[in-house]
Amino acid sequence: MRVLGLTGGVGMGKSACAQLLQARGVPVVDTDDLAREVVDPGQPGLAEVQHLFGPDVIDAEGRLRRDALARRVFADPEARKQLESILHPRIRGLWHAQVESWQTQGHSLAVVAIPLLFETKAETELDSVICVACSAATQLARLQARGWPAEQMDQRIHAQWPIEEKMARSNYVIWTEASLEIHAAQLDRILRLQ
């Protein structure tokens with residue numbers, strides 16, 4: 001089974017690409033979903049986060065207050081590294097388990113969507129990498145449409161490698177400036193090569 005990585009900058013089209021892949025019958029695991037799973041109530045990851053960051057990141061129902069935690073870690077690179085040291089090994093373990101399950105089921109191709117793919121050195125565990133990218137202006141417009149304040153956009157963008165570096169290190173690049181149909185056509189050309 002070939003395992004492709006899917007990455008790109010925040011707001012550049014990873015989710016749209018993942019949906020297109022799934023519509024074509026390619027199984028996709030999104031590490032953003034796994035990141036939420038590892039801090040669900042009762043999970044050891046949540047207990048570690050609470051121990052490190054204090055009770056103010058947990059709400060009255062015992063759930064992680066993502067907004068409070070995000071404000072802290074995106075404003076403090078050292079805090080972000082500490083959080084990543086808790087989450088990333090757990091996330092990696094979950095996506096590896098999912099890939100192994102798909103392999104057992106006989107899939108010939110699977111995709112792991114990892115926003116911080118190169119930052120976490122995951123490329124060494126994948127057969128090739130697709131990077132979705134767009135211009136900075138389009139990225140900002142998409143994030144503004146999500147209702148993100150300027151400070152939050154800036155922090156999230158700067159928490160990731162520059163998109164030019166991700167593009168240069170990837171095997172394939174899908175440019176997402178145009179319509180979803182053009183995005184899909186680019187993806188289909190890549191899938192024919194797998």
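Position 1 is the first residue of the sequence; numbering continues from there.
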Taking the side chain as everything from C-beta on, heavy atoms only, tell me whether [X] gets closer than 4.5 Å to [Y].
X: Ile130; Y: Asn171; value: no
X: Pro44; Y: Arg90; value: yes
X: Ile182; Y: Trp175; value: no
X: Asp33; Y: Glu37; value: no

Measure the spacing between [atom1] of [X] and [atom2] of [Y] and express it to the nearest 0.5 Å.
X: Ile157; Y: Gln155; atom1: CD1; atom2: CD; answer: 11.0 Å
X: Thr120; Y: Ile91; atom1: OG1; atom2: CD1; answer: 9.0 Å
X: Tyr172; Y: Leu187; atom1: OH; atom2: CG; answer: 11.5 Å
X: Lys121; Y: Leu116; atom1: NZ; atom2: CG; answer: 11.5 Å
X: Phe74; Y: Asp154; atom1: CZ; atom2: CG; answer: 12.0 Å

Practice task
Decide if atom CZ of Arg65 counts as having more than 12 heavy atoms of other residues, nucleotides or ligands within a radius under 6.0 Å.
Solution key: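 Enclosed.
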
Handout entry: Neighbour count above 12 (heavy atom, 6.0 Å) for Glu151 CD
Key =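 Counting neighbours around CD of Glu151, 12 or fewer heavy atoms of other residues, nucleotides or ligands fall under 6.0 Å, so no.
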
Practice task
Take Leu109 and Met1 through the test side chain to side chain contact (heavy atoms under 4.5 Å, CB included) and record every step on the way to the result.
Solution key: CA-CA 5 Å; Leu109 181 67; Met1 181 176 77; 5.6 Å; no

Handout entry: Thr138 versus Ser135, side-chain donor and acceptor atoms under 3.5 Å
Key =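 Ser135 vs Thr138: donor-acceptor pair found between side chains.
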
Handout entry: Modelled atom types, side-chain donor and acceptor of Arg142 and Thr176, under 3.5 Å
Key =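 A pair is found: one side chain offers a donor N or O, the other an acceptor, under 3.5 Å apart.
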
Closest non-hydrogen atom pair between [X] and [Y], with its separation:
X: Val111; Y: Trp102; answer: O-CZ3, 4.1 Å
X: Val132; Y: Ile163; answer: O-CD1, 3.9 Å
X: Gln50; Y: Pro55; answer: NE2-CA, 4.1 Å

Cluster overlap [X] with [Y], hydrophobic side-chain contacts below 4.5 Å:
X: Leu46; Y: Val73; result: yes
X: Phe53; Y: Val39; result: yes
X: Val49; Y: Leu94; result: yes
X: Leu21; Y: Ile190; result: yes
X: Val28; Y: Ile174; result: yes

Exercise for the section: Would you please test Glu123 and Leu117 for side chain to side chain contact (heavy atoms under 4.5 Å, CB included) and show each step? Expected result: CA-CA 6 Å; Glu123 72 275 16; Leu117 189 149; 3.7 Å; yes

Problem - salt bridge (charged side-chain N to carboxylate O under 4.0 Å, His left out) between Arg72 and Asp67, worked out - result: CA-CA 9 Å; Arg72 288 179 62 179; Asp67 56 340; over 6 Å; no

Using atom types as modelled and distance alone, determine if a side-chain donor or acceptor of [X] lies under 3.5 Å from a backbone N or O of [Y].
X: His51; Y: Ala47; result: no
X: Gln160; Y: Arg156; result: no
X: Ser170; Y: Val173; result: no
X: Thr104; Y: Glu100; result: yes
X: Asp40; Y: Gln43; result: no

Exercise for the section: For the pair Glu164 and Arg169, find out whether any cationic side-chain nitrogen is under 4.0 Å from an anionic carboxylate oxygen. Expected result: no

Problem - Residues Glu125, Arg92: salt bridge by 4.0 Å N-O rule - result: yes

Exercise for the section: Walk me through it: do Glu181 and Gln186 pass the test side chain to side chain contact (heavy atoms under 4.5 Å, CB included)? Expected result: CA-CA 9 Å; Glu181 290 75 19; Gln186 294 175 79; over 6 Å; no

Quick one: side chains of residues 78-88, donor-acceptor pairs under 3.5 Å with protein atoms, not counting sequence neighbours, listed by atom name and distance.
{"unit_1": "Ser85", "atom_1": "OG", "unit_2": "Gln82", "atom_2": "O", "d": "2.6"}

Identify every side-chain donor-acceptor pair in residues 3-20 under 3.5 Å, counting partners at least two apart or on other chains, and give the distances.
{"unit_1": "Thr7", "atom_1": "OG1", "unit_2": "Ile114", "atom_2": "O", "d": "2.8"}
{"unit_1": "Thr7", "atom_1": "OG1", "unit_2": "Pro115", "atom_2": "O", "d": "3.1"}
{"unit_1": "Lys14", "atom_1": "NZ", "unit_2": "Gly8", "atom_2": "O", "d": "3.4"}
{"unit_1": "Lys14", "atom_1": "NZ", "unit_2": "Gly9", "atom_2": "O", "d": "3.2"}

Exercise for the section: Mind running side chain to side chain contact (heavy atoms under 4.5 Å, CB included) on Gln194 and Ser108 for me, showing each step along the way? Expected result: CA-CA 9 Å; Gln194 303 311 308; Ser108 59; over 6 Å; no

Practice task
Return the orientation label for the Phe118 and Trp161 ring planes: parallel under 30°, perpendicular over 60°, tilted otherwise.
Solution key: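 Taking Trp161 first and then Phe118, their aromatic rings lie parallel (interplane angle under 30°).
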
